[in-house]
Visitor: 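I am attaching a structure below and will ask some questions about it afterwards.
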Amino acid sequence: MAEMANHVFAFLDGLRLATCDVLGFSLGGVIAQQMAQDRPSIFRRMILVGTAPRGGEDVMHLEKPSLAKRIQDPTNRGYDVLKKIFFTSSPASQAGGQAFIERLMQRKDDREPPSGPNVGAAQTAAFREWERFTGERFADLKSIRHPTLVVQSVGDEMIPVRNSYWLAENLPNAVLLVYPDAGHGSLFQYPESFTKHAAAFLSLDSESAGF
């Protein structure tokens with residue numbers, strides 16, 4: 001995670017951005033935490049979505065049966081797997097997943113190529129290291145004093161909601177927003193609600209996370 005954080009630092013330094021706001025989703029939320037600890041001045045406000053603190057539990061264990069069955073389903077086509085692991089099985093959540101995929105497909109040109117198994121394996125190894133901790137659990141969060149909005153859903157099987165409870169409990173300056181009937185992709189299932197909350201949070205200059 002520290003190496004990935006260094007890549008983001010290099011990108012921001014190349015743009016000569018001394019400080020910015022950040023939205024970190026899933027792996028991005030982990031990298032954002034690492035960056036906030038390594039160079040606190042880089043962020044003004046943080047939004048952490050569907051992510052976990054160092055020492056979190058059950059973080060991206062895609063091999064567990066409940067996820068592996070859906071990921072390895074031979075009937076999967078295109079983005080079918082995203083509907084199965086980013087959203088719950090309810091009709092409302094699946095409809096949100098279909099709308100998300102349709103938005104993804106609106107971009108026809110200059111699309112990001114598939115990352116491939118090597119990238120997936122490296123990310124999995126980084127998540128396994130992130131689950132380990134030394135000393136007092138979650139103590140490193142106490143140093144992240146940035147106003148932070150933590151967003152999660154009750155049905156996330158990839159990074160369970162208890163990890164966001166721990167973030168909100170141990171970050172000194174955090175607000176927690178939890179969506180119902182959603183999986184890992186809560187911000188994609190509730191795009192209008194999430195955008196309104198994010199915009200309201202980022203619009204403030206206060207040192208407090210409250211909004």
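Only this structure's heavy atoms are used, side chains among them; waters, hydrogens and symmetry mates stay out. The first residue of the sequence shown is numbered 1, and numbering continues consecutively from there.
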Visitor: Using salt bridge (Lys or Arg N to Asp or Glu O under 4.0 Å) as the criterion, list what pairs up with R16, not counting sequence neighbours.
Guide: none
Visitor: Could you report the tightest heavy-atom contact between I144 and A36, atom names first, then the distance?
Guide: CG2-CB, 4.1 Å
Visitor: Please step through side chain to side chain contact (heavy atoms under 4.5 Å, CB included) for the pair V151 and H197, ending with a clear verdict.
Guide: CA-CA 10 Å; V151 181; H197 282 93; over 6 Å; no
Visitor: For K196, which residues count as a salt bridge (Lys or Arg N to Asp or Glu O under 4.0 Å) partner, sequence neighbours excluded?
Guide: none
Visitor: For residues V154 and P180, report the shortest heavy-atom separation together with the two atoms involved.
Guide: CG2-CA, 4.0 Å
Visitor: Start with the C-alpha distance between Q33 and L167, add both sets of side-chain angles, then the distance that settles side chain to side chain contact (heavy atoms under 4.5 Å, CB included), and finish with yes or no.
Guide: CA-CA 10 Å; Q33 293 172 63; L167 282 169; 3.6 Å; yes
Visitor: In terms of hydrophobic clusters joined by side-chain contacts under 4.5 Å, are L15 and V22 together?
Guide: yes
Visitor: Restricting to pairs with a member in residues 158-169, which pass side chain to side chain donor-acceptor pair (under 3.5 Å), not counting sequence neighbours?
Guide: E57-R162
Visitor: Using 0.5 Å steps for rounding, measure from the CD atom of Q94 to the CD atom of Q98.
Guide: 9.0 Å
Visitor: Who pairs with L62 by side chain to side chain contact (heavy atoms under 4.5 Å, CB included), at least two apart in sequence or on another chain?
Guide: M60, L67, I71, M158
Visitor: With sequence neighbours left out, what residues match D73 under salt bridge (Lys or Arg N to Asp or Glu O under 4.0 Å)?
Guide: K84
Visitor: Which heavy-atom pair separates P147 from S206 by the least distance, and what is that distance?
Guide: CG-O, 4.0 Å
Visitor: Look up atom CG in D140 and atom CG in N170, then write down how far apart they are to the nearest 0.5 Å.
Guide: 9.0 Å
Visitor: State plainly whether the residues K142 and E136 are in salt-bridge range, i.e. N to O under 4.0 Å.
Guide: no
Visitor: Go through it in stages, so that I can follow the logic: the residues are L17 and F11, the test is side chain to side chain contact (heavy atoms under 4.5 Å, CB included), and I'd like the CA-CA distance, side-chain angles, deciding distance and then a yes or no.
Guide: CA-CA 9 Å; L17 290 176; F11 176 76; over 6 Å; no
Visitor: For a side chain to side chain contact (heavy atoms under 4.5 Å, CB included) with I101, tell me which candidate from Y79, F87, F86 qualifies.
Guide: Y79
Visitor: What is the minimum heavy-atom distance between I31 and A5, and which atoms define it?
Guide: CG2-CA, 3.8 Å
Visitor: Go through the structure and list residues passing side-chain hydrogen bond (donor to acceptor under 3.5 Å, both in side chains) with S90, not counting sequence neighbours.
Guide: T88, D181
Visitor: Return the set of residues passing side chain to side chain contact (heavy atoms under 4.5 Å, CB included) with A2 (not counting sequence neighbours), or none when no residue passes.
Guide: Q34
Visitor: Compare every heavy atom of P40 with every heavy atom of D38, then report the nearest pair and how far apart it is.
Guide: C-CD, 3.9 Å
Visitor: Is there a donor in the side chain of S143 and an acceptor in the side chain of Q37, or the other way round, less than 3.5 Å apart?
Guide: no
Visitor: Which word best sums up how the rings of F188 and F25 line up, parallel for under 30°, tilted for 30 to 60°, or perpendicular for over 60°?
Guide: perpendicular
Visitor: Report all side-chain donor-acceptor pairs from residues 48-56 shorter than 3.5 Å, counting only partners two or more places apart or in another chain.
Guide:
from : atom 1 : to   : atom 2 : distance (Å)
T51  : OG1    : S26  : O      : 2.9
T51  : OG1    : V30  : N      : 3.2
R54  : NH1    : E129 : O      : 3.1
R54  : NH1    : E129 : OE2    : 3.1
R54  : NH1    : R132 : O      : 2.9
R54  : NH2    : E129 : OE1    : 3.1
R54  : NH2    : E129 : OE2    : 3.3

Visitor: Does anything in residues 202-211 form a salt bridge (charged side-chain N to carboxylate O under 4.0 Å, His left out)? List the pairs, not counting sequence neighbours.
Guide: R44-D205
Visitor: Report the distance from atom CG of L23 to atom CZ of R45, rounding to the nearest 0.5 Å.
Guide: 14.5 Å
Visitor: For F211, check ring-ring contact (aromatic ring centres under 6.0 Å, His included) against everything at least two apart and list the hits.
Guide: F201
Visitor: Verify the neighbour count for atom CZ of R145: are there more than 12 heavy atoms of other residues, nucleotides or ligands below 6.0 Å?
Guide: no
Visitor: Between the main-chain N or O of D58 and the side-chain N or O of K64, is there a donor-acceptor pair closer than 3.5 Å?
Guide: no
Visitor: Under the ring-ring contact (aromatic ring centres under 6.0 Å, His included) test, which residues partner Y179, sequence neighbours left out?
Guide: Y190
Visitor: Shortest non-hydrogen contact from Q189 to G183?
Guide: OE1-N, 4.3 Å
Visitor: At what distance, to the nearest 0.5 angstrom, does CH2 of W130 lie from CG of L27?
Guide: 10.0 Å
Visitor: When you measure from the side chain of T124 to the backbone of G120, do you find a donor-acceptor pair of N or O atoms at a distance under 3.5 Å?
Guide: yes
Visitor: For T19 and S41, indicate whether the former's side chain and the latter's backbone hold a donor-acceptor pair under 3.5 Å.
Guide: yes
Visitor: Residues in side chain to side chain contact (heavy atoms under 4.5 Å, CB included) with T134, at least two apart?
Guide: none
Visitor: Please report the interatomic distance CZ(R70) to NZ(K83), rounded to the nearest 0.5 Å.
Guide: 13.5 Å
